[in-house]
Amino acid sequence: MQSVTRGGVPVEVGGDFPVVGETAPAFTLTNGELEDVSLSDFAGRRKVLNIIPSVDTRTCAMSTRKFNEYGSGLDNTAVLIVSADLPFAQSRFCGAEGLDRVITLSCFRHPEFRERYGVALQSGVMAGLCARAVIVIDEQDKVVHAELVSEIKNEPNYDAALEALKA
C-alpha cells in the first residue's frame, strides 16, 4: 500500500498505480450525460488523465483550469478530468468556468477505477475519493507518464506531463 500526505498527515492509498511502459488498465467511468465511457472510447488518441479528489477544492479547480488551457494546443489528445464528484457537479463547475477542452468523468458508479489506477484514498477525511495524480497514455494505451502527487494539496508537475506528450 502506498501513501500520500494531506497537510503533512499520511493518508493510505490503495490499488496498483500504473507504471510507465505498462498497458493502461481498462476503465469504465460516467460522463456528464450519465453515460458509461471506457478507455476504448478514446482509442487511437493520446489521453491525459488528471485525477483529482473533487472539482470543489482550490487545487483541483486550478489543475482543471490549467489542463483546459493546455488542451487547446494538444493534437489528437483527450484531456480527461476524473473524480468521484457527481457528473452534475463536474458539469456545473466546467460550465461556470467556461472550460470546454476537457472531458469530465466520474467514478461514482465505478469505484473499481480507484483501485485499478492506484488512487483509492483509504484513510483520513478524504477516504473514498481519488488521490491527486496525472497519467499520460499514448495512442497504443501505453503509460508514458505517471505521477502520484505526494502531497494532496500540491499541484501536479504539468511540465512533466506535457513533455511526455511530446516524446
Side-chain angles (χ1 to χ4, degrees), residues 1-4 13-33 35-55 59-85 87 90-91 93-94 97 99-121 129-152 154-167:
M1 180 164 305
Q2 299 184 76
S3 70
V4 295
V13 182
D16 297 313
F17 195 71
V19 175
V20 171
E22 290 182 346
T23 299
F27 65 73
T28 300
L29 296 165
T30 305
N31 69 15
E33 288 76 39
E35 301 165 333
D36 284 345
V37 175
S38 67
L39 178 62
S40 63
D41 290 321
F42 303 98
R45 297 172 69 188
R46 300 177 302 172
K47 284 77 62 184
V48 176
L49 278 65
N50 180 37
I51 304 168
I52 59 175
S54 173
V55 293
T59 305
C60 297
M62 190 176 313
S63 71
T64 300
R65 286 184 203 106
K66 284 188 180 180
F67 275 112
N68 183 75
E69 178 185 331
Y70 298 141
S72 65
L74 300 174
D75 293 328
N76 195 38
T77 303
V79 180
L80 312 175
I81 309 299
V82 180
S83 72
D85 292 305
Q90 294 172 329
S91 295
F93 172 78
C94 288
E97 295 281 328
L99 307 180
D100 59 359
R101 295 182 184 109
V102 295
I103 299 166
T104 56
L105 299 173
S106 175
C107 61
F108 88 103
R109 249 192 236 153
H110 303 283
E112 70 281 356
F113 171 86
R114 295 190 296 266
E115 290 289 329
R116 282 193 185 148
Y117 275 79
V119 294
L121 293 177
L129 298 177
C130 298
R132 184 177 316 288
V134 175
I135 299 166
V136 179
I137 304 168
D138 72 10
E139 298 92 329
Q140 290 78 39
D141 290 341
K142 295 288 184 206
V143 175
V144 296
H145 172 78
E147 176 192 11
L148 179 63
V149 179
S150 61
E151 168 58 52
I152 292 174
N154 291 345
E155 292 180 70
N157 184 339
Y158 302 106
D159 292 337
L162 293 172
E163 282 301 314
L165 289 167
K166 294 177 185 176

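Counting from 1, the numbers follow the sequence of the chain as shown.
To the nearest 0.5 angstrom, Lys166 atom NZ is 9.5 Å from Leu74 atom CG. Leu49 CG to Leu29 CG: the interatomic distance, rounded to the nearest 0.5 Å, is 8.0 Å. In this structure, SG on Cys60 lies 11.5 Å from CD1 on Ile51, to the nearest 0.5 angstrom. With rounding to the nearest 0.5 Å, the separation of OG in Ser3 from CG in Leu121 is 11.0 Å.
Put simply, the side chain of Phe42 reaches to within 4.5 Å of the side chain of Leu80, judged on heavy atoms. Looking only at side-chain heavy atoms (C-beta outward), Val82 and Phe27 stay at 4.5 Å or farther from each other. Inter-residue side-chain proximity for Phe17 and Ile135 is flagged as met; some heavy-atom pair is nearer than 4.5 Å. In this structure the side chain of Phe93 reaches within 4.5 angstrom of the side chain of Arg65, judged on heavy atoms. Within the 4.5 Å cutoff, the side chain of Thr104 has no heavy atoms near those of the Leu99 side chain. In this structure the side chain of Asn154 never reaches within 4.5 angstrom of the side chain of Arg132, judged on heavy atoms.
Minimum heavy-atom separation, Val79 to Arg101: CB-O, 4.0 Å. Nearest approach of Ala161 to Val136, heavy atoms of both residues: O-CG2, 3.8 Å. When every heavy atom of Leu129 is checked against every heavy atom of Pro53, the shortest pair comes out as CD2-O, 4.0 Å. The two atoms that bring Arg109 and Asp36 nearest to each other are NH1-OD1, 3.3 Å, heavy atoms only. The two residues Pro87 and Phe108 have their closest heavy-atom pair at CD-CE2, 3.6 Å. Gly44 and Glu139 get closest at one heavy-atom pair: O-CG, 3.5 Å.
With sequence neighbours left out, the side-chain hydrogen bond (donor to acceptor under 3.5 Å, both in side chains) criterion links Ser83 to Asp85, Gln90. For Ala26, the side chain to side chain contact (heavy atoms under 4.5 Å, CB included) test picks out no residue, with sequence neighbours left out.
Here the options are Thr30, Leu105, Val37, the test is side-chain contact (heavy atoms from CB on, under 4.5 Å), and the partner is His110; only Thr30 passes. Screening Val48, Asp138, Val144 against Leu165 for a side-chain contact (heavy atoms from CB on, under 4.5 Å) leaves a single residue, Val48. Among Thr77, Asp141, Asn76, the one residue that satisfies the side chain to side chain donor-acceptor pair (under 3.5 Å) test with Arg46 is Thr77.
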Notebook entry, point to check: Could you walk me through whether Val4 and Val149 pass the side chain to side chain contact (heavy atoms under 4.5 Å, CB included) check?
Noted result: CA-CA 7 Å; Val4 295; Val149 179; over 6 Å; no
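Judged purely by atom type and a 3.5 angstrom limit, Tyr117 uses its side chain to pair as donor or acceptor with the backbone of Pro25. Of the possible polar contacts, none joining the Glu147 side chain to the Pro156 backbone as a donor-acceptor pair under 3.5 Å is found.
Between Glu69 and Lys66 there is no salt bridge, since none of the side-chain N atoms of the basic residue sits less than 4.0 Å from a carboxylate O of the acidic one.
Atom CG of Asp41 has more than 12 neighbouring heavy atoms from other residues, nucleotides or ligands inside a 6.0 Å radius.
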